[in-house]
Amino acid sequence: MLYPQFPPGFRFGMATSAYQIEGAADGKSSSIWDTFTARPGTVRHGEDGRVAIDHYHRYAEDVEHIAAAGVHDYRFSFSWTRVQSDPAFYDRLVDAILEAGVRPVPTLYHWDLPQDLEDAGGWMNRDTAYRLADYAGTLVSRLGDRVRDWITMNEMSVHTLYGYALTDHAPGRGLGLAALPAAHHQLLAHGLAVQALRAGGAGSVGVANQHFPVSPASDDPADVAAAGLFADLTNWMFSDPLLRGEYPNEMIQAEIGDPRDLEVISAPLDFYGVNYYEPTMIEAPRAGKDYSGVLEVDIPEGLPFSPVPVKSDERTDFGWAIVPSGLTEILTTLRDRYPNLPPVLITENGASFHDAGPGPDGRIRDHQRIAFLEAHLQAVAAAQEAGVRVDGYYVWSALDNFEWAAGFDERFGLVHVDRETLARTRKDSWYWYRDLIAAQRRS
Ligand code: FCB
């Protein structure tokens, strides 16, 4: 078997997030995801993360599954409300990760805002940015002796779009373009958190942003303009402020671009995290045309862009187009757009296939996931050949988990989790990833 090869020092990892795996919801106060999932009709089958995959109680076994694959890094996130009431859990978790010989790479914020902060305005309230910086300070003073690498925020774009502009994720505000301040305040939170982490002695600080190529459905100038605006709102609005100290267009700049904040937001980073899943194709809305079901969430009528299906023969079981070359393309685009781009880490990439549980021989033959991961790793190697510095790649996800509004049907894990018994079983992709890591030349 031939495995894609990466330069010595390249870091392989796996990723998860707190709300999607921890459960043990009664041990802490509510986050916006507890509130959102309790509302009828928000999540497929009415599922929620109260138990999730019970990682809170099974973390030792989970860390073993992660470490046994030979990964260098494990990316997880803190639950803000658990940090408030039960921070010792993260001492235990970090100690277990380190003892297993893996580097912990925690994310401060992966979408689970404390409900009391949401009640005070959530990310629409500037003060939330300062609360996040305080929380960053608490964490670095508690764990900074053992954790070197920190990720501030996860996918501010998806949180803004799905949670504040639309109603598909918590907190489900549905504000449309009026949600722009939620983007700005998260970016400010990132900048303030970078300051707090550095003041607390953090060795390496970065962010995890979702990025994907956006192409117009045709050369028609209206389609090109629609795609450009969509790319601004989903990609560049979250990277230009960090890497250029400005917003990508005048409308956004005029709305939210305070120059003093932009200075804080654009503080230098040690690495830049890219989460990649699929590209998007956009056209200017055609009157009377039905655009529903193209993306995971529907863009309401009245906005000046509409998604059309990306041309791709292959899709995951979540319906997402499989386009590995999109990862190479977005990486070279980032490098061309930002001459000062820090070393990139692929902080998430992976695929949902509806794997059945283990057969009589105990195996789970998820060959489609293996093909997906292999093709995307080749795409990373192609970007490296084109001169982009990529220092690592984390699979989303270590274990099957709660996939937000899609509930538990979508399985992204290298390790299968039985919905009834919560039993863990390593899939064939887990073994493949282990063997790929072992097959790297380390010098
Ligand atoms: C990303 C999220 C992550 C997971 C994957 C599939 O957008 O950051 O939590 O849901 O998608």
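Atoms within a ligand are numbered from 1 in the order they appear, just like the ligands themselves.
Atom numbering of ligand 1 starts at 1 in the shown order; those under 4.0 Å from a heavy atom of Q210 are 7 (O). Of all atoms in ligand 1, numbered sequentially from 1 with element shown, those under 4.0 Å from a heavy atom of W404 are 3 (C), 4 (C), 9 (O), 10 (O). Heavy-atom contacts of F412 reach the following atoms of ligand 1: 6 (C) (cutoff under 4.0 Å).
Counting heavy atoms from C-beta on, the side chains of D62 and F76 never come closer than 4.5 Å. Proximity of Y291 to V308: side-chain heavy atoms (C-beta onward) are separated by under 4.5 Å at one or more points.
Distances between N or O atoms of E348 and those of ligand 1 include at least one value under 3.5 Å. When only interatomic distances are considered, the shortest N/O to N/O separation between N154 and ligand 1 falls below 3.5 Å. Any N or O atom pair closer than 3.5 Å counts here, and S17 shares no such pair with ligand 1.
No donor-acceptor pair under 3.5 Å is formed between the side chain of E329 and the backbone N or O of F212.
When every heavy atom of L108 is checked against every heavy atom of L139, the shortest pair comes out as CD2-CD1, 3.8 Å. The heavy-atom pair separating A267 from V194 by the smallest distance is CB-CG1, 4.3 Å.
With a heavy-atom cut-off of 4.0 Å, E403 touches ligand 1 through its side chain alone.
Scanning the protein for heavy atoms near atom 7 (O) of ligand 1, the closest one is E155 OE1, 2.5 Å. Of all protein heavy atoms, the one lying nearest to atom 5 (C) of ligand 1 is Y277 OH, 3.3 Å.
Residue contacts with ligand 1 include H110, since one or more of its heavy atoms lies under 4.0 Å from the ligand.
A salt bridge is absent between D428 and R369: the closest approach of a Lys/Arg side-chain nitrogen to an acidic carboxylate oxygen does not fall below 4.0 angstrom.
F402 has its ring centre less than 6.0 Å from the ring centre of Y19.
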